[in-house]
Protein chains: 2
Amino acid sequence: MLVNKQTINIAVVDDHPIVIEGLQKILPQAFSITDIKEFVTGISFINFLKEKLVPIDVVLLDITLPDRSGIDLCKEIKLLSPTTRILAFSNHNERSIILEMLQSGASGYLLKNVSATELITCIQEALNNEITFSQEVKEILARADVSALKQLPSLTRREKEVLKMIAEGKTSIEIAKELFVSPLTIETHRRNLMQKFDAKNVAALMKLASELKLV
Amino acid sequence: MLVNKQTINIAVVDDHPIVIEGLQKILPQAFSITDIKEFVTGISFINFLKEKLVPIDVVLLDITLPDRSGIDLCKEIKLLSPTTRILAFSNHNERSIILEMLQSGASGYLLKNVSATELITCIQEALNNEITFSQEVKEILARADVSALKQLPSLTRREKEVLKMIAEGKTSIEIAKELFVSPLTIETHRRNLMQKFDAKNVAALMKLASELKLV
DNA sequence: TTGAAAATACCAAAAAACCCGTAGATTAAA
DNA sequence: TTTAATCTACGGGTTTTTTGGTATTTTCAA
(Lines give C-alpha, C1' and ligand atoms only; values in the text may rest on other atoms or scores of the structure.)
Protein backbone atom coordinates (compact mmCIF):
# COMPACT_ATOMS: atom_id res chain seq x y z
CA MET A 1 0.00 0.00 0.00
CA LEU A 2 2.84 2.33 0.82
CA VAL A 3 4.44 2.85 -2.57
CA ASN A 4 6.28 6.03 -1.91
CA LYS A 5 6.08 8.89 0.52
CA GLN A 6 2.83 10.80 0.47
CA THR A 7 2.72 14.47 1.23
CA ILE A 8 0.37 15.12 4.08
CA ASN A 9 -0.44 17.81 6.57
CA ILE A 10 -0.33 16.49 10.05
CA ALA A 11 -1.01 18.09 13.39
CA VAL A 12 -0.34 16.98 16.94
CA VAL A 13 -2.25 18.18 19.95
CA ASP A 14 -0.41 17.00 23.04
CA ASP A 15 0.82 18.69 26.17
CA HIS A 16 3.92 16.51 26.32
CA PRO A 17 6.80 18.13 24.44
CA ILE A 18 8.75 14.90 24.61
CA VAL A 19 6.02 13.10 22.72
CA ILE A 20 5.96 15.78 20.07
CA GLU A 21 9.72 15.49 19.65
CA GLY A 22 9.36 11.76 19.25
CA LEU A 23 6.75 12.14 16.56
CA GLN A 24 8.90 14.66 14.74
CA LYS A 25 11.61 12.09 14.60
CA ILE A 26 9.43 9.22 13.45
CA LEU A 27 6.88 10.63 11.07
CA PRO A 28 9.20 12.18 8.47
CA GLN A 29 10.69 8.74 7.96
CA ALA A 30 7.46 7.56 6.40
CA PHE A 31 5.68 10.62 5.12
CA SER A 32 6.58 13.71 3.20
CA ILE A 33 5.70 16.48 5.61
CA THR A 34 6.62 20.11 5.36
CA ASP A 35 6.31 20.49 9.07
CA ILE A 36 4.28 19.02 11.86
CA LYS A 37 1.91 21.51 13.39
CA GLU A 38 2.23 21.30 17.14
CA PHE A 39 -0.29 22.37 19.73
CA VAL A 40 -0.07 22.06 23.46
CA THR A 41 -3.64 23.11 24.18
CA GLY A 42 -6.96 22.31 22.57
CA ILE A 43 -7.96 25.92 22.17
CA SER A 44 -4.85 26.77 20.17
CA PHE A 45 -5.61 24.05 17.65
CA ILE A 46 -9.21 25.14 17.34
CA ASN A 47 -8.03 28.68 16.64
CA PHE A 48 -5.62 27.38 14.04
CA LEU A 49 -8.41 25.50 12.28
CA LYS A 50 -10.60 28.60 12.25
CA GLU A 51 -7.97 30.49 10.31
CA LYS A 52 -8.25 27.83 7.61
CA LEU A 53 -4.79 28.54 6.22
CA VAL A 54 -3.76 24.93 5.95
CA PRO A 55 -6.11 21.98 5.65
CA ILE A 56 -5.10 19.28 8.09
CA ASP A 57 -5.25 15.69 6.87
CA VAL A 58 -4.59 13.95 10.15
CA VAL A 59 -4.47 15.10 13.72
CA LEU A 60 -3.05 13.04 16.56
CA LEU A 61 -5.13 14.06 19.52
CA ASP A 62 -4.24 13.49 23.14
CA ILE A 63 -7.25 13.10 25.39
CA THR A 64 -5.81 14.48 28.59
CA LEU A 65 -5.18 18.12 27.85
CA PRO A 66 -4.74 21.05 30.19
CA ASP A 67 -7.68 23.05 28.97
CA ARG A 68 -10.47 20.76 27.87
CA SER A 69 -11.40 17.13 27.39
CA GLY A 70 -10.36 15.40 24.20
CA ILE A 71 -13.90 14.13 23.79
CA ASP A 72 -15.36 17.60 23.44
CA LEU A 73 -12.41 18.75 21.39
CA CYS A 74 -12.93 15.91 18.97
CA LYS A 75 -16.49 16.98 18.22
CA GLU A 76 -15.44 20.57 17.70
CA ILE A 77 -12.66 19.63 15.33
CA LYS A 78 -14.96 17.46 13.26
CA LEU A 79 -17.49 20.26 12.97
CA LEU A 80 -14.88 22.81 11.96
CA SER A 81 -13.04 20.56 9.58
CA PRO A 82 -15.00 17.48 8.57
CA THR A 83 -12.33 16.10 6.25
CA THR A 84 -9.69 15.97 8.97
CA ARG A 85 -9.08 12.46 10.23
CA ILE A 86 -8.78 12.41 13.98
CA LEU A 87 -6.65 9.77 15.64
CA ALA A 88 -6.94 9.64 19.39
CA PHE A 89 -3.50 9.23 20.91
CA SER A 90 -3.75 8.50 24.57
CA ASN A 91 -2.77 6.48 27.58
CA HIS A 92 -6.35 5.67 28.50
CA ASN A 93 -7.11 2.05 27.86
CA GLU A 94 -10.68 1.94 29.09
CA ARG A 95 -13.15 0.51 26.66
CA SER A 96 -15.68 3.21 27.46
CA ILE A 97 -13.32 6.04 26.64
CA ILE A 98 -12.28 4.47 23.35
CA LEU A 99 -15.88 4.12 22.27
CA GLU A 100 -16.73 7.61 23.39
CA MET A 101 -13.96 9.02 21.22
CA LEU A 102 -15.25 7.10 18.22
CA GLN A 103 -18.73 8.37 18.97
CA SER A 104 -17.30 11.86 18.93
CA GLY A 105 -15.94 11.47 15.44
CA ALA A 106 -12.49 9.96 15.82
CA SER A 107 -11.23 7.75 13.00
CA GLY A 108 -9.11 5.62 15.25
CA TYR A 109 -7.51 5.14 18.60
CA LEU A 110 -3.86 4.58 19.45
CA LEU A 111 -2.33 3.92 22.82
CA LYS A 112 0.81 5.88 23.48
CA ASN A 113 2.89 2.77 23.81
CA VAL A 114 2.59 2.04 20.08
CA SER A 115 5.75 1.29 18.16
CA ALA A 116 6.89 3.58 15.37
CA THR A 117 5.87 1.11 12.68
CA GLU A 118 2.46 0.62 14.21
CA LEU A 119 1.94 4.35 14.38
CA ILE A 120 2.81 4.79 10.74
CA THR A 121 0.54 1.95 9.69
CA CYS A 122 -2.36 3.49 11.57
CA ILE A 123 -1.86 6.89 10.01
CA GLN A 124 -1.76 5.23 6.61
CA GLU A 125 -5.06 3.52 7.27
CA ALA A 126 -6.62 6.70 8.53
CA LEU A 127 -5.57 8.48 5.33
CA ASN A 128 -7.27 5.71 3.37
CA ASN A 129 -10.47 6.59 5.17
CA GLU A 130 -10.31 3.43 7.17
CA ILE A 131 -10.98 3.17 10.84
CA THR A 132 -7.85 2.11 12.64
CA PHE A 133 -6.64 0.90 16.02
CA SER A 134 -3.35 -0.01 17.55
CA GLN A 135 -2.93 -3.67 18.40
CA GLU A 136 -3.63 -3.32 22.09
CA VAL A 137 -6.75 -1.28 21.43
CA LYS A 138 -8.03 -4.00 19.11
CA GLU A 139 -7.66 -6.47 21.94
CA ILE A 140 -9.45 -4.22 24.36
CA LEU A 141 -12.32 -3.81 21.95
CA ALA A 142 -12.42 -7.54 21.26
CA ARG A 143 -12.98 -8.58 24.85
CA ALA A 144 -16.48 -7.21 25.27
CA ASP A 145 -16.79 -8.03 28.91
CA VAL A 146 -19.92 -8.35 30.92
CA SER A 147 -19.16 -5.57 33.35
CA ALA A 148 -19.38 -3.10 30.49
CA LEU A 149 -22.87 -4.29 29.74
CA LYS A 150 -24.28 -3.24 33.07
CA GLN A 151 -24.01 0.31 31.85
CA LEU A 152 -24.81 3.20 34.06
CA PRO A 153 -28.51 3.58 34.63
CA SER A 154 -30.01 6.81 33.39
CA LEU A 155 -30.83 8.93 36.39
CA THR A 156 -33.11 11.91 36.52
CA ARG A 157 -31.82 15.27 37.69
CA ARG A 158 -33.48 14.88 41.06
CA GLU A 159 -32.17 11.38 41.53
CA LYS A 160 -28.60 12.49 40.89
CA GLU A 161 -29.08 15.26 43.39
CA VAL A 162 -30.40 12.91 46.05
CA LEU A 163 -27.70 10.36 45.29
CA LYS A 164 -24.98 12.91 45.98
CA MET A 165 -26.59 13.92 49.24
CA ILE A 166 -26.88 10.31 50.35
CA ALA A 167 -23.16 9.98 49.61
CA GLU A 168 -22.52 12.86 51.97
CA GLY A 169 -24.03 10.80 54.74
CA LYS A 170 -27.31 12.69 54.97
CA THR A 171 -30.45 10.94 56.12
CA SER A 172 -33.71 11.08 54.20
CA ILE A 173 -35.07 13.56 56.70
CA GLU A 174 -32.08 15.87 56.32
CA ILE A 175 -32.24 15.70 52.56
CA ALA A 176 -35.97 16.39 52.59
CA LYS A 177 -35.46 19.51 54.70
CA GLU A 178 -32.73 20.75 52.43
CA LEU A 179 -34.80 20.23 49.30
CA PHE A 180 -38.06 21.45 50.85
CA VAL A 181 -39.96 18.25 50.13
CA SER A 182 -41.46 15.49 52.21
CA PRO A 183 -39.15 12.81 53.63
CA LEU A 184 -41.47 10.34 51.97
CA THR A 185 -40.53 11.75 48.62
CA ILE A 186 -36.88 11.17 49.34
CA GLU A 187 -37.69 7.62 50.35
CA THR A 188 -39.26 7.13 46.96
CA HIS A 189 -36.23 8.54 45.18
CA ARG A 190 -34.08 6.28 47.31
CA ARG A 191 -36.09 3.27 46.30
CA ASN A 192 -35.97 4.15 42.64
CA LEU A 193 -32.22 4.66 42.82
CA MET A 194 -31.68 1.26 44.35
CA GLN A 195 -33.93 -0.30 41.78
CA LYS A 196 -32.08 1.32 38.91
CA PHE A 197 -28.71 0.25 40.27
CA ASP A 198 -30.01 -3.16 41.27
CA ALA A 199 -28.58 -2.55 44.72
CA LYS A 200 -29.81 -4.16 47.93
CA ASN A 201 -29.04 -1.23 50.19
CA VAL A 202 -27.21 2.08 50.32
CA ALA A 203 -23.85 0.42 50.84
CA ALA A 204 -24.10 -1.45 47.55
CA LEU A 205 -25.63 1.61 45.92
CA MET A 206 -22.76 3.84 46.94
CA LYS A 207 -20.18 1.36 45.80
CA LEU A 208 -21.70 1.19 42.33
CA ALA A 209 -22.25 4.94 42.13
CA SER A 210 -18.69 5.46 43.19
CA GLU A 211 -17.35 3.09 40.55
CA LEU A 212 -19.38 4.87 37.91
CA LYS A 213 -18.05 8.18 39.20
CA LEU A 214 -21.51 9.53 39.92
CA VAL A 215 -20.62 10.81 43.34
CA MET B 1 27.03 25.58 35.38
CA LEU B 2 26.91 24.08 31.89
CA VAL B 3 30.27 25.03 30.47
CA ASN B 4 30.47 22.49 27.74
CA LYS B 5 28.92 19.18 26.92
CA GLN B 6 29.56 16.52 29.51
CA THR B 7 29.93 12.92 28.51
CA ILE B 8 27.44 10.82 30.38
CA ASN B 9 25.88 7.42 30.22
CA ILE B 10 22.15 7.66 30.27
CA ALA B 11 19.45 5.03 30.22
CA VAL B 12 15.72 5.22 29.68
CA VAL B 13 13.22 2.68 30.95
CA ASP B 14 9.88 3.41 29.35
CA ASP B 15 7.37 1.33 27.49
CA HIS B 16 6.49 4.18 25.13
CA PRO B 17 8.70 4.08 22.03
CA ILE B 18 7.54 7.56 21.11
CA VAL B 19 8.89 8.94 24.35
CA ILE B 20 12.22 7.24 23.81
CA GLU B 21 12.42 8.73 20.34
CA GLY B 22 11.73 12.14 21.76
CA LEU B 23 14.47 11.80 24.33
CA GLN B 24 16.88 10.66 21.67
CA LYS B 25 16.21 13.84 19.82
CA ILE B 26 16.52 16.16 22.79
CA LEU B 27 19.27 14.79 24.98
CA PRO B 28 22.15 14.81 22.47
CA GLN B 29 21.59 18.54 22.09
CA ALA B 30 22.83 19.10 25.61
CA PHE B 31 24.98 16.17 26.52
CA SER B 32 27.70 14.18 24.91
CA ILE B 33 26.24 10.71 24.81
CA THR B 34 27.55 7.74 22.90
CA ASP B 35 24.13 6.23 22.83
CA ILE B 36 21.07 6.19 25.02
CA LYS B 37 20.38 2.77 26.46
CA GLU B 38 16.74 1.98 25.96
CA PHE B 39 14.64 -0.49 27.90
CA VAL B 40 10.98 -1.22 27.54
CA THR B 41 10.69 -3.45 30.59
CA GLY B 42 12.06 -3.21 34.08
CA ILE B 43 13.55 -6.68 34.05
CA SER B 44 15.63 -5.98 30.96
CA PHE B 45 17.24 -2.98 32.62
CA ILE B 46 17.96 -4.97 35.78
CA ASN B 47 19.64 -7.63 33.69
CA PHE B 48 21.67 -4.99 31.92
CA LEU B 49 22.87 -3.60 35.25
CA LYS B 50 23.86 -7.06 36.45
CA GLU B 51 26.23 -7.42 33.52
CA LYS B 52 28.03 -4.32 34.74
CA LEU B 53 29.48 -3.56 31.33
CA VAL B 54 28.64 0.12 31.39
CA PRO B 55 28.11 2.22 34.52
CA ILE B 56 24.96 4.27 34.16
CA ASP B 57 25.06 7.84 35.41
CA VAL B 58 21.40 8.68 35.08
CA VAL B 59 18.32 6.64 34.38
CA LEU B 60 14.97 8.10 33.45
CA LEU B 61 12.49 5.71 34.93
CA ASP B 62 8.85 5.46 34.00
CA ILE B 63 6.64 4.27 36.84
CA THR B 64 3.97 2.51 34.85
CA LEU B 65 5.73 -0.40 33.26
CA PRO B 66 4.36 -3.61 31.82
CA ASP B 67 6.19 -5.95 34.15
CA ARG B 68 6.62 -4.37 37.57
CA SER B 69 6.03 -1.20 39.49
CA GLY B 70 8.53 1.62 39.22
CA ILE B 71 8.63 1.85 43.00
CA ASP B 72 10.02 -1.65 43.41
CA LEU B 73 12.26 -1.24 40.41
CA CYS B 74 13.74 1.89 41.89
CA LYS B 75 14.86 0.09 45.02
CA GLU B 76 16.39 -2.74 43.02
CA ILE B 77 18.31 -0.36 40.81
CA LYS B 78 19.70 1.52 43.77
CA LEU B 79 20.87 -1.69 45.40
CA LEU B 80 22.52 -2.97 42.24
CA SER B 81 24.09 0.33 41.28
CA PRO B 82 24.20 2.86 44.12
CA THR B 83 25.94 5.57 42.11
CA THR B 84 23.25 5.68 39.44
CA ARG B 85 20.99 8.71 39.80
CA ILE B 86 17.38 7.75 39.26
CA LEU B 87 14.96 10.30 37.87
CA ALA B 88 11.34 9.25 37.93
CA PHE B 89 9.70 10.19 34.66
CA SER B 90 5.99 9.73 34.88
CA ASN B 91 2.51 11.00 34.30
CA HIS B 92 1.45 10.42 37.88
CA ASN B 93 1.02 13.71 39.68
CA GLU B 94 -0.13 12.40 43.05
CA ARG B 95 1.83 13.68 45.97
CA SER B 96 1.90 10.25 47.59
CA ILE B 97 3.46 8.58 44.56
CA ILE B 98 6.14 11.25 44.24
CA LEU B 99 7.13 10.84 47.87
CA GLU B 100 7.11 7.10 47.59
CA MET B 101 9.55 7.24 44.70
CA LEU B 102 11.89 9.47 46.69
CA GLN B 103 11.59 7.08 49.59
CA SER B 104 12.66 4.33 47.24
CA GLY B 105 15.85 6.08 46.29
CA ALA B 106 14.98 8.35 43.38
CA SER B 107 16.99 11.57 43.02
CA GLY B 108 14.17 13.47 41.44
CA TYR B 109 10.78 13.41 39.82
CA LEU B 110 9.73 14.75 36.43
CA LEU B 111 6.30 14.82 34.94
CA LYS B 112 6.17 13.77 31.33
CA ASN B 113 4.89 17.12 30.22
CA VAL B 114 8.23 18.79 30.93
CA SER B 115 9.78 20.94 28.27
CA ALA B 116 13.08 19.99 26.71
CA THR B 117 14.95 22.70 28.56
CA GLU B 118 13.44 21.72 31.87
CA LEU B 119 14.37 18.12 31.29
CA ILE B 120 17.97 19.04 30.58
CA THR B 121 18.20 21.25 33.64
CA CYS B 122 16.91 18.47 35.83
CA ILE B 123 19.39 15.95 34.48
CA GLN B 124 22.15 18.48 35.08
CA GLU B 125 21.10 18.89 38.68
CA ALA B 126 20.86 15.16 39.19
CA LEU B 127 24.40 14.78 37.89
CA ASN B 128 25.52 17.37 40.44
CA ASN B 129 24.13 15.11 43.14
CA GLU B 130 21.27 17.47 43.76
CA ILE B 131 17.71 16.45 44.23
CA THR B 132 15.59 17.80 41.41
CA PHE B 133 11.98 18.27 40.38
CA SER B 134 10.19 19.64 37.38
CA GLN B 135 8.30 22.85 37.98
CA GLU B 136 4.89 21.27 38.27
CA VAL B 137 6.18 18.68 40.73
CA LYS B 138 7.61 21.44 42.89
CA GLU B 139 4.18 23.00 43.03
CA ILE B 140 2.55 19.72 43.95
CA LEU B 141 5.03 19.21 46.74
CA ALA B 142 4.58 22.79 47.91
CA ARG B 143 0.86 22.60 48.41
CA ALA B 144 0.74 20.21 51.34
CA ASP B 145 -2.99 20.07 51.34
CA VAL B 146 -5.24 19.04 54.15
CA SER B 147 -6.89 16.21 52.31
CA ALA B 148 -3.58 14.41 52.21
CA LEU B 149 -3.31 14.68 55.94
CA LYS B 150 -6.52 12.86 56.62
CA GLN B 151 -4.69 9.82 55.39
CA LEU B 152 -6.38 6.54 55.15
CA PRO B 153 -7.13 5.17 58.57
CA SER B 154 -5.26 2.05 59.45
CA LEU B 155 -7.71 -0.79 59.38
CA THR B 156 -7.24 -4.18 60.94
CA ARG B 157 -7.47 -7.30 58.82
CA ARG B 158 -10.92 -8.08 60.13
CA GLU B 159 -12.14 -4.56 59.52
CA LYS B 160 -11.01 -4.62 55.92
CA GLU B 161 -12.78 -7.91 55.48
CA VAL B 162 -16.01 -6.59 56.94
CA LEU B 163 -15.73 -3.37 54.95
CA LYS B 164 -15.59 -5.29 51.70
CA MET B 165 -18.60 -7.36 52.64
CA ILE B 166 -20.58 -4.26 53.56
CA ALA B 167 -19.71 -2.88 50.14
CA GLU B 168 -21.23 -5.98 48.60
CA GLY B 169 -24.51 -5.00 50.18
CA LYS B 170 -24.49 -7.64 52.88
CA THR B 171 -26.24 -6.99 56.17
CA SER B 172 -24.57 -7.47 59.54
CA ILE B 173 -26.46 -10.69 60.03
CA GLU B 174 -25.35 -12.09 56.69
CA ILE B 175 -21.75 -11.11 57.35
CA ALA B 176 -21.87 -12.65 60.81
CA LYS B 177 -23.11 -15.95 59.39
CA GLU B 178 -20.42 -15.97 56.75
CA LEU B 179 -17.65 -15.29 59.26
CA PHE B 180 -19.07 -17.55 61.97
CA VAL B 181 -19.28 -14.80 64.58
CA SER B 182 -22.07 -13.02 66.39
CA PRO B 183 -23.94 -10.26 64.54
CA LEU B 184 -23.10 -8.08 67.52
CA THR B 185 -19.44 -8.46 66.71
CA ILE B 186 -20.07 -7.23 63.21
CA GLU B 187 -21.98 -4.29 64.60
CA THR B 188 -18.93 -3.42 66.64
CA HIS B 189 -16.65 -3.65 63.64
CA ARG B 190 -19.10 -1.49 61.78
CA ARG B 191 -19.02 1.09 64.51
CA ASN B 192 -15.25 1.12 64.65
CA LEU B 193 -15.05 1.47 60.89
CA MET B 194 -17.32 4.47 60.90
CA GLN B 195 -15.38 6.01 63.74
CA LYS B 196 -12.08 5.54 61.94
CA PHE B 197 -13.45 7.06 58.77
CA ASP B 198 -15.31 9.74 60.63
CA ALA B 199 -18.41 8.74 58.70
CA LYS B 200 -21.97 9.26 59.86
CA ASN B 201 -23.39 6.16 58.19
CA VAL B 202 -22.58 3.46 55.65
CA ALA B 203 -23.28 5.73 52.74
CA ALA B 204 -20.57 8.16 53.79
CA LEU B 205 -18.35 5.26 54.78
CA MET B 206 -18.62 3.61 51.40
CA LYS B 207 -17.94 6.84 49.58
CA LEU B 208 -14.71 7.40 51.49
CA ALA B 209 -13.64 3.78 51.23
CA SER B 210 -14.32 3.91 47.55
CA GLU B 211 -12.26 7.05 47.09
CA LEU B 212 -9.39 5.46 48.97
CA LYS B 213 -9.77 2.37 46.81
CA LEU B 214 -10.33 0.10 49.79
CA VAL B 215 -13.29 -1.66 48.25
C1' DT C 1 -53.12 19.11 23.67
C1' DT C 2 -52.24 15.03 25.03
C1' DG C 3 -49.36 11.55 26.72
C1' DA C 4 -45.27 9.87 29.15
C1' DA C 5 -41.86 10.71 32.34
C1' DA C 6 -40.68 12.79 36.53
C1' DA C 7 -41.44 14.57 40.95
C1' DT C 8 -44.22 14.64 44.55
C1' DA C 9 -46.71 12.31 48.51
C1' DC C 10 -48.98 8.91 51.83
C1' DC C 11 -49.55 4.62 55.10
C1' DA C 12 -47.75 0.97 57.82
C1' DA C 13 -44.84 -2.65 59.26
C1' DA C 14 -40.56 -5.19 59.36
C1' DA C 15 -35.66 -5.04 59.06
C1' DA C 16 -31.52 -3.06 59.60
C1' DA C 17 -28.54 0.34 61.18
C1' DC C 18 -26.91 3.34 64.69
C1' DC C 19 -25.70 4.73 69.58
C1' DC C 20 -24.41 4.22 74.34
C1' DG C 21 -21.29 1.77 77.40
C1' DT C 22 -18.69 -2.22 78.72
C1' DA C 23 -15.65 -6.26 78.84
C1' DG C 24 -13.55 -11.11 78.37
C1' DA C 25 -10.48 -13.74 75.17
C1' DT C 26 -6.87 -13.95 71.96
C1' DT C 27 -2.75 -12.38 69.47
C1' DA C 28 1.25 -10.19 68.54
C1' DA C 29 4.74 -7.17 69.61
C1' DA C 30 8.10 -5.06 73.09
C1' DT D 1 6.34 -12.00 80.08
C1' DT D 2 3.94 -8.12 80.27
C1' DT D 3 1.50 -4.67 77.37
C1' DA D 4 -1.13 -3.15 73.76
C1' DA D 5 -3.97 -4.15 69.98
C1' DT D 6 -7.46 -6.86 68.06
C1' DC D 7 -11.37 -9.72 67.95
C1' DT D 8 -14.96 -11.05 70.15
C1' DA D 9 -19.55 -10.27 72.62
C1' DC D 10 -23.55 -8.35 75.45
C1' DG D 11 -27.83 -5.23 76.72
C1' DG D 12 -31.07 -1.95 75.61
C1' DG D 13 -32.49 1.60 73.30
C1' DT D 14 -33.41 5.05 69.22
C1' DT D 15 -33.31 6.15 64.48
C1' DT D 16 -33.24 5.14 59.84
C1' DT D 17 -33.83 2.33 56.07
C1' DT D 18 -36.20 -0.85 53.44
C1' DT D 19 -40.40 -2.97 51.47
C1' DG D 20 -44.99 -2.91 49.35
C1' DG D 21 -48.67 -0.75 47.35
C1' DT D 22 -50.84 3.48 45.67
C1' DA D 23 -51.75 8.10 43.81
C1' DT D 24 -51.76 13.17 42.57
C1' DT D 25 -49.45 16.95 40.39
C1' DT D 26 -45.72 18.97 37.20
C1' DT D 27 -43.23 19.20 33.32
C1' DC D 28 -41.75 18.56 28.89
C1' DA D 29 -41.77 17.00 24.40
C1' DA D 30 -44.40 15.14 20.31
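Taking side-chain N and O atoms only, A:Arg157 has no distance below 4.0 Å to OP1 or OP2 of C:dA6. In this structure, A:Arg190 reaches the D:dT18 phosphate: one of its side-chain N or O atoms is under 4.0 Å from OP1 or OP2. For C:dA17, the OP1/OP2 oxygens have a side-chain nitrogen or oxygen of B:Ser172 closer than 4.0 Å. A sub-4.0 Å separation between OP1 or OP2 of D:dT8 and a side-chain N or O of B:Arg158 is present. At D:dC7, none of the side-chain N or O atoms of B:Thr185 fall inside 4.0 Å of OP1 or OP2 (strictly under the cut-off). OP1 or OP2 of C:dT8 sits under 4.0 Å from a side-chain N or O of A:His189. Taking side-chain N and O atoms only, B:Thr156 has a distance below 4.0 Å to OP1 or OP2 of D:dC7.
Rounded to whole Å, atom P of C:dG21 lies 13 Å from atom CG of B:Asn192. In this structure, B:Ile173 places its CD1 atom 18 Å from P of D:dT17, rounding to the nearest Å. In this structure, A:Ile175 places its CD1 atom 12 Å from C1' of D:dT17, rounding to the nearest Å. As rounded to whole Å, 13 Å separates atom P of C:dA17 from atom CG of B:Leu193. Summarising the geometry, the separation between CZ on A:Phe180 and C1' on C:dA9 is reported as 18 Å, rounded to the nearest angstrom. Atom CZ of B:Phe197 is separated from atom C1' of C:dA17 by 18 Å (rounded to the nearest Å). When the C1' atom of D:dT8 is taken as reference, atom CD of B:Glu159 falls 12 Å away, rounded to whole Å. Rounded to a whole Å, the CD1 atom of A:Ile186 is 14 Å from the P atom of D:dT18.
Nucleic acid contact for A:Thr171: sugar-phosphate only, since backbone atoms but no base atoms lie under 4.0 Å from a heavy atom of the residue.
Between A:Asp198 and A:Lys196, no side-chain nitrogen of the basic residue sits less than 4.0 Å from a carboxylate oxygen of the acidic one, so the salt-bridge criterion is not met. Between A:Glu161 and A:Arg157 no salt bridge is recorded (no basic side-chain N to carboxylate O distance below 4.0 Å). Of the charged side-chain nitrogens involved, at least one lies within less than 4.0 Å of a carboxylate oxygen, so that A:Lys207 and A:Glu211 count as a salt-bridged pair. Ion pairing between a basic and an acidic side chain is recognised when a charged N comes within 4.0 Å of a carboxylate O; B:Glu174 and A:Lys200 show such pairing.
Both A:Glu187 and B:Leu184 sit near DNA chain D, but only B:Leu184 has its closest nucleotide nearer the 5' end. Nearer to the 5' terminus of DNA chain D, by closest-nucleotide assignment, is the contact made by B:Arg191 (compared with the other of B:Arg191 and B:Asn201). Checking A:Lys196 against A:Val181, the closest nucleotide of DNA chain C that is more toward the 5' end is the one next to A:Lys196.
With B:Lys112 as the fixed residue, the side chain to side chain donor-acceptor pair (under 3.5 Å) test singles out one of B:Asn91, B:Asp14, B:Asn93: B:Asp14.
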